[in-house]
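Numbering of residues begins at 1 and proceeds along the displayed sequence. Quantities reported herein were computed from a predicted structural model and do not represent experimental measurements.
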Amino acid sequence: MAVDYVLEDLMGKLGEFGKYQFAQFFLQVLSALTAGMHMLSLVTVAAVPEHRCFIAGVDNSSLSQVSETWHSRPIIDAIPLTETGDLESCVMFNASAGDHSRIPCEKYVYDTTYYKSSRTIDWDFVCDRRWMGAIIQTVFMLGTFTGAVTLGGLADKVGRKTVFCWSALLQLFIGVGVAFIPEYFSVMVARFLLGIVGSAGAYICGFVLTMELVGPSKRTVCGITFQAVFAGGIMLVAGWGALIKDRQLLQVVYGLHGCLFLAHWWLLDESPRWLWMQGRAAEAVDIVAKGLRINGSGIPLDKDYFVQKAKQQAAVEEKSSAGLSDLFRTPNLRMKTLNVCLCWFANSIVYYGLSLSAGKLYGNPYLILFLMGLVEFPSYITIVFVLDRLGRRSITSTLMLSGGLCCIVAAFIAQGTTLSTSIVMLGKLLIAGSFAVIYNYSAELFPTVVRNSAMGLGSMCARFSGALTPLITLLGDSFDPKIPAVLFGVVALLSGFWVMFLPETMNKPMPESIEDGENFGKGDTWFSQCAGPKQRQDSTYPDDPEQMVPLKTIETK
């Protein structure tokens with residue numbers, strides 16, 4: 001698939017990042033804020049507070065402060081203790097039997113130190129019903145998976161702006177409406193739809209709009225900024241949760257953030273690149289002309305020239321028949337595809353596993369969740385400065401190996417200690433960095449003719465692992481608390497090691513055809529690089545394959 005030099009000439013006139021791009025980027029990146037908020041909102045709205053059995057004659061309410069009757073003598077006599085000296089959460093002594101036999105709780109008392117209300121408290125989603133609460137989060141993640149699969153293709157057909165704006169509007173209605181749904185299965189349906197439009201539809205389209213508008217030198221910074229704003233959404237979840245104790249009002253406030261998009265239909269522009277590829281060159285040129293005026297560049301734009309060029313190009317253009325199956329047709333490309341899919345899967349499962357575990361760490365859960373979002377920022381800032389210096393492969397592998405090791409180490413340190421919490425935070429920082437890099441790395445590894453398919457496949461793997469994460473965390477409640485963290489760590493270590501076998505893409509020409517993709521990076525692994533300079537491989541590139549020759553902007557005649 002050849003480079004469309006006429007289109008690149010048109011977009012090159014806008015420059016890398018002017019006032020127009022900044023204004024559009026600001027509108028687009030707001031989708032990351034609400035995506036992060038909806039993704040983690042159940043950590044507060046459906047929080048699982050500390051709980052124990054309700055003891056008749058001692059407790060007067062299902063809500064109680066730990067300091068009141070939690071450790072009183074009548075409670076300790078009625079409820080067995082764990083090995084660590086805490087009260088058992090799900091069983092009590094059988095008083096009618098007159099011995100120390102244990103029976104399940106019939107009713108629960110919840111600690112209201114931090115949470116005054118939540119879906120879990122309303123519906124008793126604890127102990128043998130804990131899985132019902134986890135399923136709601138899993139259904140949300142399946143919604144993001146469905147949205148990534150369906151809305152990405154829909155945006156290619158009807159436009160990025162159309163899908164973005166409709167998703168944002170539905171996000172507002174569903175985000176507010178789910179607060180008032182009293183029935184379990186209806187809540188699951190609503191959360192599924194919210195995952196489609198909130199954390200997939202608006203976010204993915206916003207990201208694509210940005211990548212198709214800004215110049216190549218700014219794509220890394222803008223892409224990392226999307227990740228940072230997503231983390232800001234997590235911090236907002238914690239901030240609002242600490243201020244608003246009523247779970248229904250809290251969900252309404254989360255949903256009302258969709259009002260940020262009410263004016264987007266009039267302010268947000270469609271992608272000129274998409275319009276051009278759809279044969280709507282005149283509209284694309286008009287948008288670029290608008291951008292030139294806002295940027296104040298004073299560059300003249302010959303609309304008739306570009307429209308005529310687009311018509312000539314469309315008349316002779318040959319459509320590519322390459323598709324998703326081509327990623328698995330040849331051996332080298334197949335191994336790279338499987339490697340990258342595991343990388344997306346591993347990054348997602350660790351990222352969301354650590355994020356969703358915020359409520360299980362000892363201390364103020366709102367502060368911990370806030371720090372979970374805040375700790376990502378140093379990682380993103382560092383990535384911006386080192387990504388084009390140290391390379392994609394080394395950064396991704398190092399961060400994943402280190403993050404996986406943190407997960408395993410934290411599992412064997414007593415929960416509640418400062419050291420345990422610090423290691424979990426460090427793991428989140430490291431895995432957030434590798435998760436950000438994999439977006440750029442994937443785009444550069446695969447040939448142009450199947451690049452969108454490859455990115456979509458990787459995103460699907462990430463959404464699938466995100467859906468599994470809440471269920472995996474249940475293993476810690478049912479069997480051993482160490483199991484989830486160790487499992488997350490092992491997956492990250494395996495993927496981080498396998499990434500060493502991927503080729504480096506920094507300062508390399510991006511492959512265009514399937515043949516390019518198959519030949520790209522053959523023999524280039526971390527191990528071969530350590531062994532010394534590798535022999536030159538035959539390449540489909542006529543020029544030096546080891547050097548990146550930047551495309552020169554076509555001069556306007």
Side-chain angles (χ1 to χ4, degrees), residues 24-42 137 140-156 158-175 191-214 219 222-237 254-255 257-262 264 268 270-271 274 344 347-348 351-352 355 373 376 380 432 435-436 438-440 442-443 452 455-467:
Q24 291 293 304
F25 173 65
F26 177 77
L27 296 173
Q28 294 152 4
V29 81
L30 289 175
S31 61
L33 184 75
T34 57
M37 184 179 301
H38 292 309
M39 186 72 75
L40 273 298
S41 63
L42 285 179
Q137 182 67 33
F140 178 86
M141 293 291 191
L142 289 175
T144 65
F145 173 86
T146 304
V149 174
T150 59
L151 295 188
L154 184 63
D156 285 335
V158 303
R160 286 83 162 99
K161 175 182 175 179
T162 301
V163 174
F164 182 103
C165 291
W166 276 106
S167 295
L169 184 62
L170 291 172
Q171 178 186 148
L172 170 62
F173 292 144
I174 299 173
R191 292 292 302 182
F192 178 79
L193 296 174
L194 188 58
I196 292 177
V197 298
S199 290
Y203 179 77
I204 292 177
C205 289
F207 186 87
V208 171
L209 279 167
T210 293
M211 293 299 105
E212 293 181 343
L213 182 64
V214 303
R219 287 173 187 161
C222 289
I224 298 298
T225 301
F226 258 83
Q227 307 295 322
V229 174
F230 185 94
I234 296 176
M235 296 164 66
L236 269 181
V237 170
Y254 290 152
H257 283 76
C259 292
L260 293 170
F261 305 105
L262 289 179
H264 273 55
L268 186 68
E270 182 56 90
S271 165
W274 180 82
W344 279 85
N347 274 280
S348 177
Y351 181 89
Y352 291 117
S355 297
E376 297 183 29
Y380 296 143
F435 207 173
I438 195 61
Y439 279 85
N440 292 67
S442 298
N452 284 343
M455 293 293 289
L457 182 62
S459 181
M460 286 168 57
C461 293
R463 305 312 169 194
F464 178 65
S465 66

Q) Does the side chain of Trp344 pick up a donor-acceptor pair with the side chain of Ser442 at under 3.5 Å? A) yes
What side-chain donor-acceptor pairs closer than 3.5 Å can you find for residues 206-213, not counting sequence neighbours?
unit_1 : atom_1 : unit_2 : atom_2 : d
Thr210 : OG1    : Gln28  : OE1    : 2.6
Thr210 : OG1    : Gly206 : O      : 3.2
Glu212 : OE1    : Arg160 : NE     : 3.1
Glu212 : OE1    : Ser271 : OG     : 2.7
Glu212 : OE2    : Arg160 : NH2    : 2.8

Q: To the nearest 0.5 Å, tell me how far Ile438 CD1 sits from Asn347 CG.
A: 6.5 Å
Q | Closest contact, heavy atoms only, Ala462 versus Ser348 | A | O-OG, 2.7 Å
Q) How far apart are the C-alpha atoms of Phe261 and Leu27, what are their side-chain angles, what is the distance that settles it, and do they pass the side chain to side chain contact (heavy atoms under 4.5 Å, CB included) test? A) CA-CA 8 Å; Phe261 305 105; Leu27 296 173; over 6 Å; no
Q: Apply side chain to side chain contact (heavy atoms under 4.5 Å, CB included) to Ser41 and list each qualifying residue two or more places apart in sequence or on a separate chain.
A: Arg191, Gln251, Tyr254
(Q) Using 0.5 Å steps for rounding, measure from the OH atom of Tyr380 to the CZ atom of Phe230. (A) 8.0 Å
Q: Tell me yes or no: between the side chains of Gln137 and Tyr352, is some donor less than 3.5 Å from an acceptor?
A: no
Q) Which pair of non-hydrogen atoms, one from Cys205 and one from Phe164, has the smallest distance, and what is that distance? A) CB-CB, 4.0 Å
Q.
As an exercise, state the distance from CG of Leu260 to CG of Leu30, rounded to the nearest 0.5 Å.
A. 5.5 Å
(Q) Closer than 3.5 angstrom, by distance alone: can the side chain of His38 be matched with the main-chain N or O of Leu194 as a donor-acceptor pair? (A) no
(Q) Just verifying a value: how many Å separate Met460 CE and Thr144 OG1, rounded to the nearest 0.5 Å? (A) 11.5 Å
Q) Where do Val237 and Gly36 come nearest, in terms of heavy atoms and distance? A) CG2-O, 4.4 Å
Q) Looking only at heavy atoms, which two atoms of Leu262 and Leu169 are closest? And how far apart? A) CD2-CD1, 4.5 Å
Q | Distance (rounded to the nearest 0.5 Å) between Leu33 CG and Met235 CE | A | 10.5 Å
Q) Hey, what do you get for OH (Tyr351) to OG (Ser465), rounding to the nearest 0.5 Å? A) 12.5 Å
**Q.** Shortest non-hydrogen contact between Glu270 and Lys161, atoms and distance
**A.** OE1-N, 3.2 Å
Q: Compare every heavy atom of Gln171 with every heavy atom of Gly198, then report the nearest pair and how far apart it is.
A: CA-NE2, 3.6 Å
Q: Measure the shortest side-chain to side-chain distance between Leu236 and His257 over non-hydrogen atoms and say whether it is less than 4.5 angstrom.
A: yes
